[in-house]
Structures are given as C-alpha cells and as structure tokens.
Amino acid sequence: MSAWRPTADLDTLRERARIAGSIRAFFASRDVLEVATPLLAAAPVTDPHLASLETEARIDVEPSTLYLQTSPEYHMKRLLAAGSGPIYQLARACRDDESGARHNLEFTMLEWYRPGFDHHALMDEVEALLGEILPDTTASRSTYREVFQRHAGIDPHTASVAALRDATRRLGIDVDDLGDDRDTWLHLLLATVIEPRLGVTDDGDLAIAFVHDFPASQAALAKIRHEPGRPTVAERFEVFIGGIELANGFHELTDATEQRARFESDLAQRERLGLPTVPIDERLLAALEHGLPPCAGVALGFDRLVMLATGSDHIDEVIAFPASRA
C-alpha cells in the first residue's frame with residue numbers, strides 16, 4: 001500500500017466518529033462539561049515508566065523546554081481546583097518509546113473527573129459508558145488480591161520477592177532475574193499471566209473486568225486506604241476487556257504535601273534507573289494547595305475502545321495515520 005494512504009479504512013473511521021459522538025452524548029446527558037487543555041506544558045509526568053517527548057519553543061522571545069503531555073490529567077485537575085465541576089475530554093496525548101499492536105506514539109485518551117465520586121462510584125459510570133459502546137457485555141469486579149490468587153496462586157500483598165520469583169518459574173515465564181523490587185515482579189505476573197485472562201467469558205466472548213484496590217506501592221496519584229487487619233491499598237482500579245487494559249482510574253489524591261513527596265520519590269527512582277531528570281509540576285501542586293475537591297478520575301484508551309468495538313487486531317486499523325505514516 002502507498003505510504004500516503006491512511007491505514008484505517010473509511011468505514012472504520014466513520015465508526016470511530018460515531019463512537020466519539022456517543023461518548024459526547026453520554027456526558028451531555030449527565031451534565032459533564034467537555035474541556036480542552038494544552039498538549040504542551042512546562043512540566044511532564046515524573047513517572048519513571050512513562051517517557052515524555054520534549055521540544056524547544058519560544059515563549060515571550062525566551063527559549064523554553066516544553067513537554068508533550070502523556071495525559072491531560074494535571075491540567076484537568078487545575079480546572080477542577082478552579083471550580084469547573086465535572087469535566088471530560090477526548091484528548092490527544094503522546095508517549096515516547098511506545099509502539100506495537102496496542103500502542104502508537106500519538107493516541108487519543110478519554111479522561112474524565114467526577115467531584116464527589118469515589119472509585120466505586122466511578123466504576124459504576126465507566127460500566128454505564130461501556131454498556132453504550134459495547135452493548136450486552138457483562139461486567140465483573142475483583143480486587144487485585146483476588147485476581148492474583150485466582151490466576152497465579154499467590155497473595156500479592158504478602159508474597160516475598162522469592163515467592164514471586166518462584167511463581168514466575170512455576171507458571172512457565174522465562175525471564176532473567178529482575179532484582180528485588182516486588183512491584184517489578186507483580187507487574188510481570190499481571191501482564192503475562194493475569195491480564196490475558198481478564199475480560200473474557202468462559203465461552204470466549206468479550207466481558208468487562210474491573211480490578212481494584214492495588215498495592216499501596218502502586219498508588220501513583222490515588223488515595224491510600226488503611227484499615228485494621230487488612231492490607232494497605234491504593235484506591236485505584238483498572239479495566240480490562242478481552243485481555244486488553246482499557247482504563248485506569250483513581251480516587252484522587254488531594255493532598256499537596258503527599259503529592260510532592262510522591263513526585264520526589266519518582267525523581268529519586270529516575271536517578272537510580274539512569275533516566276533523565278524532569279521538573280516537578282509546581283502549578284499542579286499550587287492547585288492542590290488551593291484545594292482540589294474530593295473526586296475520582298479515569299483515563300480510558302479511546303483507540304483501544306474503537307479496536308474492541310470494531311473487532312480490530314491492531315491499533316493502526318483504527319487510526320488514520322499512525323506514527324509510521326505521519
């Protein structure tokens with residue numbers, strides 16, 4: 001095929017537009033405001049697992065480094081702190097070093113925030129939205145602990161690194177030693193053993209699988225819950241359909257001091273891993289200090305949702321011009 005042509009056929013692009021229209025109608029019916037935030041920002045995410053693209057630009061004549069956003073999250077939280085109320089957007093985002101059947105350098109993310117919701121209330125709304133796009137799809141909810149016990153035979157909150165290493169061997173995963181970081185082993189088991197079994201019925205049909213209450217060490221920007229006699233967990237969830245990770249949601253952290261500490265922890269990990277140092281988003285922290293309302297938020301991969309709705313096997317089939325043809 002000629003390199004100038006789109007990789008998605010026109011019928012798929014029409015279906016993509018129809019799904020976007022359905023999403024907008026869904027939120028309009030619930031009085032959730034559509035917003036638009038910058039793709040370029042003065043600070044990127046600090047997460048060591050995400051690589052931001054950067055560029056040099058002139059602002060007021062002076063050269064500045066700007067970063068293409070991996071998510072609209074920080075700007076949307078600044079809007080929430082300014083009193084926006086419930087908001088959503090279909091945003092363009094970019095992540096370096098991401099390519100493959102489910103990844104493209106540039107992609108579309110559906111992200112929304114609900115003041116007054118916790119992660120359970122937001123899971124209800126995610127399920128309602130997915131029911132509009134993928135009708136007759138059943139949904140289930142399990143804790144992170146439950147899916148590990150069911151599919152890997154271990155308790156992720158108490159298993160030692162040695163036990164996690166043994167589990168990978170027992171489950172037939174051929175991998176070099178990954179060191180002594182528990183989360184690295186948990187991520188490996190989740191990605192290779194557990195995820196492919198999530199969101200699939202016994203008959204092989206698509207289903208919606210919510211996994212919630214992650215280890216506190218994987219909190220990212222979520223609140224942490226402490227309960228006597230139970231593991232300390234992060235109030236976050238992920239959504240899987242057909243073995244594909246579709247969405248990641250949080251009962252959002254609102255404490256500026258704790259958020260700064262997490263950013264600084266990320267930067268320390270970046271230094272240990274030999275990754276570039278990046279600036280902390282001081283404008284987000286100022287917004288949190290001003291007051292972020294109690295809320296829950298979720299980011300959903302729109303391109304992956306279109307893949308599921310159209311039965312596509314590769315993200316290039318639902319994007320007009322992926323990075324290879326940009």
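Just so you know, these numbers use all the heavy atoms, side chains as well, and skip hydrogens, waters and symmetry mates.
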(message) I'd like to check Leu288 versus Asp255 (side-chain heavy atoms, cut-off strictly below 4.5 Å). Are they in contact?
(response) no
(message) Side-chain heavy atoms nearer than 4.5 Å, only ILVMFWY residues, links allowed to pass through others: does that put Leu253 and Met123 together?
(response) no
(request) Run through Arg145, Arg225, Arg236, Lys223 and flag the one making a salt bridge (charged side-chain N to carboxylate O under 4.0 Å, His left out) with Asp213. (result) Arg225
(request) Please tell me if the side chains of Ile280 and Glu264 come closer than 4.5 Å, counting only heavy atoms from C-beta onward. (result) yes
(request) Could you go through the side chain to side chain contact (heavy atoms under 4.5 Å, CB included) check for Leu33 and Leu79 one step at a time? (result) CA-CA 11 Å; Leu33 177 68; Leu79 284 174; over 6 Å; no
(message) When you compare the side chains of Glu111 and Tyr88, does any donor N or O come within less than 3.5 Å of an acceptor on the partner?
(response) no
(message) If you count every heavy atom of other residues, nucleotides or ligands that lies below 6.0 Å from Asp202 atom CG, does the total exceed 12?
(response) no
(message) Do Leu53 and Leu105 make a side-chain contact, defined as non-hydrogen atoms from C-beta onward lying under 4.5 Å apart?
(response) yes
(request) May I ask whether Leu198 and Leu308 are part of the same hydrophobic cluster, defined by side-chain heavy atoms of I, L, V, M, F, W, Y residues being less than 4.5 angstrom apart, directly or through others? (result) no
(request) State plainly whether one hydrophobic cluster holds both Phe107 and Leu68, where clusters connect Ile, Leu, Val, Met, Phe, Trp and Tyr through side-chain heavy atoms under 4.5 angstrom apart. (result) no
(message) So Val211 and Leu190, do their side chains get closer than 4.5 Å, heavy atoms only?
(response) no
(request) Determine whether the side chains of Thr310 and Glu317 contain a donor N or O and an acceptor N or O closer than 3.5 Å. (result) no
(request) Please determine which of Glu73, Met76, Arg78 meets the side chain to side chain contact (heavy atoms under 4.5 Å, CB included) test together with Thr37. (result) Met76
(request) Please report the closest heavy-atom contact between Thr254 and Pro293, naming both atoms and the distance. (result) CG2-O, 3.9 Å
(message) To the nearest 0.5 Å, what is the distance between CG on Asp183 and CG on Leu164?
(response) 9.5 Å
(message) Tell me if a side-chain donor or acceptor on Thr143 pairs with a main-chain N or O of Glu146 at a distance below 3.5 Å.
(response) yes
(request) Evaluate the ring planes of His120 and His212, with Trp represented by its six-membered ring, and classify them as parallel (under 30°), tilted (30 to 60°) or perpendicular (over 60°). (result) perpendicular
(message) Walk me through whether Leu80 and Cys295 qualify under side chain to side chain contact (heavy atoms under 4.5 Å, CB included).
(response) CA-CA 9 Å; Leu80 289 164; Cys295 62; 4.2 Å; yes
(request) Using modelled atom types only, decide if a donor and an acceptor are shared between the side chain of Trp185 and the backbone of Asp180 within a distance under 3.5 Å. (result) no
(message) How close do Phe237 and His119 get, counting heavy atoms only, and between which atoms?
(response) CE2-O, 3.7 Å
(message) Run the side-chain hydrogen bond (donor to acceptor under 3.5 Å, both in side chains) test on Asp266 and Thr46 for me, step by step, so that the C-alpha distance in whole Å, both residues' side-chain angles and the decisive distance to 0.1 Å come before the verdict.
(response) CA-CA 6 Å; Asp266 283 348; Thr46 55; 2.7 Å; yes
(message) For a side chain to side chain contact (heavy atoms under 4.5 Å, CB included) check, start with the C-alpha distance between Met109 and Thr70, then their side-chain angles and the critical distance, and finish with the verdict.
(response) CA-CA 9 Å; Met109 179 179 288; Thr70 58; over 6 Å; no
(request) Taking all non-hydrogen atoms of both residues into account, name the closest pair between Pro279 and Ala43 and its distance. (result) O-CB, 3.8 Å
(message) Given 3.5 Å as the limit, does a donor-acceptor pair link the side chain of Arg270 with the main chain of Asp47, or not?
(response) yes
(message) Surrounding CZ of Arg92 (heavy atoms of other residues, nucleotides or ligands, distance under 6.0 Å), is the total greater than 12?
(response) yes
(request) Answer whether the closest heavy-atom distance between the side chains of Pro86 and Asp31 falls below 4.5 Å. (result) no
(request) Quick one: closest heavy-atom pair of Gln69 and Pro44, and the distance? (result) NE2-CA, 4.3 Å
(request) Spell out, yes or no, whether Leu275 and Phe263 are grouped together once hydrophobic residues are joined by side-chain heavy atoms under 4.5 Å, including indirect joins. (result) no
(request) Evaluate the side-chain proximity of Phe148 to Leu186: yes if any heavy-atom separation is below 4.5 Å, no if none is. (result) yes
(request) Could you tell me how the ring of His49 sits relative to the ring of His187: parallel (under 30°), tilted (30 to 60°) or perpendicular (over 60°)? (result) perpendicular
(request) Return the minimal non-hydrogen interatomic distance between Asp281 and Tyr74, and the atom names on each side. (result) OD2-CD1, 3.2 Å
(request) Report the C-alpha separation of His103 and Arg304 in whole Å, then their side-chain angles, then the decisive distance to 0.1 Å, and conclude whether the side chain to side chain contact (heavy atoms under 4.5 Å, CB included) test is met. (result) CA-CA 9 Å; His103 297 87; Arg304 293 184 183 183; 3.0 Å; yes
(request) Mind listing the closest non-hydrogen atom pair of Arg182 and His157 along with its distance? (result) NH2-C, 4.0 Å
(request) State whether the side chain of Thr201 and the backbone N or O of Asp203 hold a donor-acceptor pair below 3.5 Å, judged by distance alone. (result) yes
(request) Kindly compute the distance separating CD (Glu271) from CG (Leu267), expressed to the nearest 0.5 Å. (result) 9.0 Å
(request) State, yes or no, whether a side-chain contact exists between Glu127 and Arg141 at a heavy-atom distance under 4.5 Å. (result) yes
(request) Please answer: with hydrophobic residues joined when any side-chain heavy atoms are less than 4.5 Å apart, are Leu66 and Val278 in the same cluster? (result) no
(request) Please check if any side-chain donor atom of Glu56 sits under 3.5 Å from a side-chain acceptor atom of Ser64, or the reverse. (result) no
(request) Check whether any side-chain heavy atom of Val126 sits under 4.5 Å from a side-chain heavy atom of Val239, and report yes or no. (result) yes
(message) Rounded at 0.5 Å granularity, tell me how far CG in Asp174 sits from OG1 in Thr168.
(response) 9.5 Å
(request) Check whether more than 12 heavy atoms from other residues, nucleotides or ligands sit under 6.0 Å from atom CZ of Arg283, and answer yes or no. (result) no
(request) State the CD-CG distance between Gln89 and Leu110, to the nearest 0.5 angstrom. (result) 9.5 Å
(request) Look up atom CG in Leu122 and atom CD in Glu252, then write down how far apart they are to the nearest 0.5 Å. (result) 9.0 Å
(request) Kindly say whether Arg5 contributes a backbone atom to a donor-acceptor pair with the side chain of Arg325 at under 3.5 angstrom? (result) yes
(message) Please check: side-chain N/O of Asp303 versus main-chain N/O of Thr108, any donor-acceptor pairing under 3.5 Å?
(response) yes
(message) Rounded at 0.5 Å granularity, tell me how far CZ in Arg165 sits from OG in Ser160.
(response) 8.5 Å
